[in-house]
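Only one structure is covered here, and it is reproduced in the block below.
Being a predicted model, the structure only gives us computed values, none of them experimental. Numbers for residues simply follow the sequence, beginning at 1.
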Amino acid sequence: DRVIGGSHRLSSYRFSTERSQELEDFEEVPGLDGKISNLHYFDIPVPADAEAQMLPEAPPSGVDLILKASHADNGTESLSADRVEFCRRLLKALTQGPFRQSISLRCLFIAFEAQYSYERASEEAKGFLKLDQMNLRLWNAYAQLQKLYGKHKEACKIYKKALMQAPKLSSKCQRDSPLLFWSFAEVQIFNLRNMTSASHIVTAAPFYAFESFKFKKKVKQIVYAKAQKMYLKLIGDAPSSQPSILHGKWDNANFDARTWNIWDEAASHSEEKAQKYLAVSPGACLAVCFAWMEYFRAGFESAQRVFQEHIFGRVRSSETGPWYNAIIEGSFQHEWIHMAYVRLISNHSLLNPTPPRILRQHLSAALKTFPTNAYLLSTYISTEGEKGHLSTRLRRHFDVALDEQGGAKEVSP
């Protein structure tokens with residue numbers, strides 16, 4: 001099994017019970033943009049012949065669980081042709097019938113088809129977009145399909161097309177623009193290694209508008225200054241236990257729907273249950289874009305300050321009461337933020353001399369909260385293995401993790 005997009009599926013132990021319960025409710029089956037999906041990633045197995053995808057292994061995804069449940073009676077490892085066709089017809093009927101407005105289900109259908117045929121999945125994605133061209137999350141799903149099959153340049157064209165038309169959409173539809181901006185920048189940074197384009201993308205993100213002009217050197221610092229000011233305005237004030245009076249009135253003349261609950265996964269509680277969830281909020285996407293813009297502008301230390309002051313500084317415990325403009329400790333969003341920071345450190349260390357303790361310390365802290373995260377754990381193993389301390393420190397990590405989960409127990413081979 002693989003995870004699409006170069007990131008790893010969120011695998012926090014403490015939420016495993018919630019995930020299994022969500023599978024019982026069909027409208028909450030995790031799709032490409034479901035509550036437990038990694039932001040903007042498909043969470044599906046990749047065909048073995050996809051040689052272009054050199055991605056690490058990951059725990060079974062929500063789609064995997066559905067597929068395994070459907071053929072558990074015969075003990076086979078893959079769906080038979082008739083079962084595949086049955087699942088295809090069922091999903092097709094649901095997306096054209098009673099659940100045709102469900103974004104999660106439409107994305108799940110694209111994910112299902114992507115396992116067997118790029119052409120069929122692409123055809124279905126285009127069909128959905130033809131009927132719902134204003135849905136930026138569907139555009140993102142279509143671009144991620146291209147990324148799955150190694151078509152990174154095609155994915156960039158899709159992102160560019162979607163973001164060029166985003167300013168023409170309503171403010172509420174533009175709410176998902178940060179998702180596309182970060183996904184677009186991610187392809188440029190980690191797949192195409194085009195840092196100039198990535199710098200242009202993350203600088204345009206706070207304006208919710210992507211322009212095709214060249215990023216000229218003589219205007220670079222002016223653009224950076226304007227973008228920095230806009231980022232700070234959008235990210236907002238420190239977390240509060242009381243909602244903003246402005247955000248409590250949709251009809252306020254100064255209200256901007258793009259910033260409504262920007263740090264919450266749900267835009268509003270009145271939205272369809274299957275559509276209101278994202279793995280992370282627009283605020284988290286904007287903050288990560290902000291960190292990378294600072295990285296391109298002033299270096300690694302500036303990016304670190306953004307993460308520490310504007311991102312990790314927002315982490316609050318759910319036990320202390322309801323919070324607004326906050327990242328809840330132990331949430332999927334909190335896990336994703338840790339992964340984004342580790343990717344930044346890892347990318348920087350590949351290009352510049354970096355003290356190993358920076359990555360080690362953050363990985364140790366992140367693994368205390370998310371001990372089963374595949375990406376964090378694999379990076380930790382790789383880091384310690386290079387320094388020759390793998391056996392000792394990895395044993396110490398598992399001892400601590402098991403003790404915090406109720407103590408180590410004897411397990412028969």
Donor-acceptor pair, side chain of [X] and main chain of [Y], under 3.5 angstrom:
X	Y	value
Thr354	Asn352	yes
Arg100	Gly97	yes
Ser199	Thr196	no
Gln333	Ser281	yes
Trp323	Ser317	yes
Trp263	Pro282	no
Ser382	Ser378	no

Would you please say whether a donor-acceptor pair under 3.5 Å links the side chains of [X] and [Y]?
X	Y	value
Glu329	Thr369	no
Asn325	Arg316	no
Tyr159	Gln144	yes
Tyr341	Ser346	no

Within 6.0 Å of [atom1] in [X], more than 12 heavy atoms from elsewhere:
X	atom1	value
Met134	CE	no
Arg193	CZ	yes
Gln165	CD	yes

To the nearest 0.5 Å, tell me how far [X] [atom1] sits from [Y] [atom2].
X	Y	atom1	atom2	result
Arg314	Ile337	CZ	CD1	11.0 Å
Arg106	Leu129	CZ	CG	9.0 Å
Cys285	Leu180	SG	CG	9.5 Å
Asn194	Ile189	CG	CD1	10.0 Å
Leu108	Ile103	CG	CD1	13.5 Å
His362	Phe312	NE2	CZ	4.0 Å

Electrostatic pair [X]-[Y], nearest N-O below 4.0 angstrom:
X	Y	value
Glu85	Arg88	yes
Arg297	Glu294	yes
Glu124	Lys92	yes

Would you indicate whether the side-chain heavy atoms of [Y] and [X] approach each other to under 4.5 Å?
X	Y	value
His310	Leu232	yes
Tyr295	Gln304	no
Gln146	His152	no

Under the side-chain contact (heavy atoms from CB on, under 4.5 Å) test against Val342, which residue among Asn373, Leu363, Asn347 passes?
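Considering Asn373, Leu363, Asn347, a side-chain contact (heavy atoms from CB on, under 4.5 Å) with Val342 is found only for Leu363.
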Result of checking Phe290, Tyr208, Phe181 against Tyr231 for ring-ring contact (aromatic ring centres under 6.0 Å, His included):
Phe290
Would you sort out whether Tyr149 and Ser122 count as a side-chain hydrogen bond (donor to acceptor under 3.5 Å, both in side chains), showing the intermediate values?
CA-CA 11 Å; Tyr149 282 88; Ser122 181; over 6 Å; no
Taking the ring of Trp292 and the ring of Phe296, is the distance between their centroids below 6.0 Å?
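Between Trp292 and Phe296, which both carry aromatic rings, the centre distance is below 6.0 Å.
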Strictly under 6.0 Å, is that where the ring centroids of Phe184 and Phe210 end up?
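Yes.
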